[in-house]
Each structure stands twice: as structure tokens, then as C-alpha cells.
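Everything below concerns the one structure shown next.
Note: hydrogens, waters and symmetry copies are ignored here, and every other heavy atom, side chains too, is used. As the structure is a prediction and not an experimental result, all values here were calculated from the model.
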Amino acid sequence: MRVKFAFLYEEGKEKYNVYHVFRVHDYAVMTEDRMRKAEYPGEPKGDYFIFRFDEEVTFGNIDIASLIEIRRLLMPSISMEPQSSKQERISFHIENKMDG
């Protein structure tokens, strides 16, 4: 499955329904060493899965809290917990069904 969009929201404030949606240009695994060379803030620990975003897009009014709850019900084995207490945002993706 190819990720097409990423939803970013402030963790713990889903009820305010403030979010941003970005088209995903591409994604890759970035090694810990490359993260250091790229001057990633903090201390990288292991390899990272990264997204490169294109423009921000609008889908209309989406109920983020409900979308998160549906995702938790459909995929309970995949944690949505942040990897670090310093992480302020988490993202998840949905497949764009309009593209077939």
C-alpha cells in the first residue's frame, strides 16, 4: 500500500479538531547515522521511517477524534503511542480510495 496523505494533529487535543493534511511525495527509511548527519533535533535512536510532504490539501471538515477511534478499532495491534515524550505530533495515513 502506498501512503498518499498524512494527517497531523496535536496529540491530546483531538477534540478541538485542529489538523493539517499533506499529500505525501514519498517516504523512506533513514538510518540513525544519516539522521545525525541531517542534524535531526535530539538524539536519534535507530532508523526512522520518514515522509516528504508536498502541498497541504483540504478534504473538508473531518472529525479527527472519530477517525482516530475508527483506526484504533480496525487496527488495535498497531500502537499510536509516541516513541518519545518529546514528540508533539503523530501522524497516520489512509489510502485514497478515490484513486481506485
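Taking the six-membered ring where tryptophan is involved, the planes of Phe5 and Phe59 are perpendicular, since the angle between them exceeds 60° and thus also 30°. The aromatic rings of Phe51 and Phe53 lie parallel to each other, with less than 30° between the two planes, well short of the 60° mark.
Hydrophobic clustering, with ILVMFWY side chains joined whenever heavy atoms are under 4.5 angstrom apart, keeps Tyr27 apart from Tyr40.
Smallest separation of non-hydrogen atoms from His20 and Phe22: CB-CE1, 3.6 Å. When all heavy atoms of Leu67 and Ile62 are compared, the closest pair comes out as CD2-CG2, 4.1 Å.
Using a 4.5 Å heavy-atom cutoff, the side chains of Glu56 and Arg23 are not in contact. With contacts defined as side-chain heavy-atom distances shorter than 4.5 Å, the pair Val18/Tyr9 does not qualify. Between Val24 and Lys4 the shortest side-chain heavy-atom distance does not fall below 4.5 Å.
When atom types are taken as modelled, the side chain of Glu14 and the backbone of Ala65 share no donor-acceptor pair closer than 3.5 angstrom. Between the side chain of Asn17 and the main chain of Ile64, a donor-acceptor pair closer than 3.5 Å is present.
For the atom pair Asp26 CG and Ile50 CD1, the distance stands at 8.0 Å (nearest 0.5 Å). Interatomic distance, CE of Met30 versus CZ of Arg36, reported as 13.0 Å (0.5 Å rounding).
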